[in-house]
Amino acid sequence: MKDSPIKYRLIKTEKHTGARLGEIITPHGTFPTPMFMPVGTLATVKTQSPEELKEMGAGIILSNTYHLWLRPGDELVKKAGGLHKFMNWDQPILTDSGGFQVFSLADTRKIEEEGVHFKSHLNGAPLFLSPEKAIQIQNNLGSDIMMSFDECPQFYQPYDYVKASVERTSRWAERGLNAHAKKDSQGLFGIVQGAGFEDLRRQSAQDLVSMDFPGYSIGGLAVGESHEEMNAVLDFTTPMLPTNKPRYLMGVGAPDSLIDGVIRGIDMFDCVLPTRIARNGTCMTSRGRLVVKNAQYAEDFRPLDENCDCYACKNYTRAYIRHLIKCDETFGMRLTSTHNLHFLINLMKNVRQAIMDDNLLEFREDFCEAYGYNKE
Ligand SMILES: Nc1nc2cc3nc(NCCc4ccc(CCO)cc4)[nH]c3cc2c(=O)[nH]1
Ligand SMILES: [Zn+2]
């Protein structure tokens, strides 16, 4: 692939694990890895302004091709000057290709070699997405990092189904690469599939590495498999990928999964978890999950997390935030969302420090102990 606008710089590997400290250089700026990406599906990270996201250290955010194609339309975003201008975010943006959203949101889909026919989850209108179409939409959105159009099979599909799906996803990746060749201001990642089958993961990785993408996503995970099964797939899949390019684990956001992914050589993560659970008043704290809506916090005048220095924890109490959430006051979910995003971004900052200090396993022990993960 000709010179890509996305560059990965490996700074250091951690002495006792597969963890790496690095940075990713994009046309809209450079961010350190490992990094957690807040999800801004419809061109906004729900309840957060771009200034607040920068303030908390969000280096890059994710938006969705499928959703923005339907609303407001990729042509409109192009007319607005692209996604960065449209949403007033001048830092890096990554877009998912629509592959996963078609399989997880749309009804009655029909997968063919050409692409996927399905009905809009909004109004049932017939739609069609192909590798070429997914590239065209992402070109219009102007994201810095684009995803190939792929099929994300369920984790427990039979071997033969997954094999045929991997082979089609590799053909789709090639078609996307050819459709993209023109625009060199955007990088395109290949997405490794293969469910839980080591030989199919190897086939997928080899196909994509031979196409020389600037970065590789590991797809087909966080789809209902156990934590142990995800770790097992990562144990044999990340070593199949080049060390001088980023690895992005899609859809992963629980604290223990982030740390376990980093230990296995993952550099980038995204998940709706922090903002999704915040909206019903569930917070991640250094002492584990806290459901601030619960009656026990009605007169608890401590911050959500006494070890947190985010805007919510510096200025408000559990009692106040519980009151807002109970009364469905939107400021309440702004505060829980601010805290949860800050918590994961800060967790990755501490993980990067642990890689620098070669004590990531110790950090993991201490973090999981305090969080209440009953780790073996
Ligand atoms: N193109 C592409 N995109 C993906 C996105 C994904 N996102 C996931 N998992 C998200 C799971 C997830 C969904 C919702 C919540 C909220 C709380 O329940 C948390 C996690 N797995 C994923 C796999 C793929 C994939 O193979 N290909
Ligand atoms: Zn906080």
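In each ligand, atom 1 is the first atom listed, and ligand 1 is the first ligand listed. Given the structure is predicted, the values throughout are model-derived calculations rather than measurements.
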Atom 11 (C) of ligand 1 - nearest protein heavy atom and its distance: A222 O, 3.4 Å
Enumerated ligand 1 atoms positioned under 4.0 Å from heavy atoms of G220: 23 (C), 25 (C), 26 (O)
Nearest neighbour of atom 8 (C) of ligand 1 from the list G251, S148, S104, on a heavy-atom basis: G251
Which residue and heavy atom of the protein sit nearest atom 19 (C) of ligand 1, plus the separation: C271 SG, 3.8 Å
Residue-ligand contact V252/ligand 1, heavy atom below 4.0 Å: no
Shortest protein contact, atom 14 (C) of ligand 1 (heavy atom only): V272 CG2, 3.6 Å
Side-chain heavy atoms of C310 within contact of M56, under 4.5 Å: no
K163 bridged to D199 by N-O distance under 4.0 Å: no
More than 12 heavy atoms of other groups within 6.0 Å of E75 CD: yes
Per-atom contact, atom 26 (O) of ligand 1, protein heavy atoms, under 4.0 angstrom: yes
For S97, the ligand 1 atoms whose distance to one of its heavy atoms is below 4.0 Å: 1 (N)
Separation between CZ of F213 and CD1 of I191, rounded to the nearest 0.5 Å: 9.0 Å
Heavy atom of the protein closest to atom 21 (N) of ligand 1 (residue, atom name, distance): L221 O, 2.8 Å
R276 to ligand 1, any heavy atom closer than 4.0 Å: yes
Heavy-atom nearest neighbour in the protein, as seen from atom 1 (N) of ligand 1, with distance rounded to 0.1 Å: D96 OD1, 2.8 Å
Nearest-neighbour protein heavy atom for atom 18 (O) of ligand 1, which is reported as residue plus atom name and distance: L273 CD1, 4.6 Å
Side chain, backbone, both or neither: I277 near ligand 1, heavy atoms under 4.0 Å: neither
Spatial distance of atom CG (L344) from atom CE (M37) [nearest 0.5 Å]: 12.5 Å
Ligand 1 versus Q193: contacting region, heavy-atom distance under 4.0 Å: side chain
Numbering as shown, the atoms of ligand 1 that approach I191 to under 4.0 Å (heavy-atom distance): 1 (N)
K85, NZ atom: more than 12 neighbouring heavy atoms under 6.0 Å: no
Heteroatom N/O/S of C283 within less than 2.8 Å of the Zn ion (ligand 2): no
Closest protein heavy atom to atom 24 (C) of ligand 1, given as residue, atom name and distance to 0.1 Å: F100 CD1, 3.6 Å
Ion pair check, E114 and R175, cut-off under 4.0 Å: yes
Carboxylate-amine/guanidinium contact D357 K12, below 4.0 Å: no
Backbone or side-chain N/O/S of C308 under 2.8 Å of the Zn ion (ligand 2): yes
Near-ring test F301/Y320, centroid separation under 6.0 angstrom: no
NZ/NE/NH1/NH2 to OD/OE distance under 4.0 Å, R171 and E113: yes
Aromatic ring pairing Y316/Y311, orientation class (parallel under 30°, perpendicular over 60°, tilted between): perpendicular
Apex the Zn ion (ligand 2) - arms SG from C313 and ND1 from H339 - angle rounded to 10°: 100°
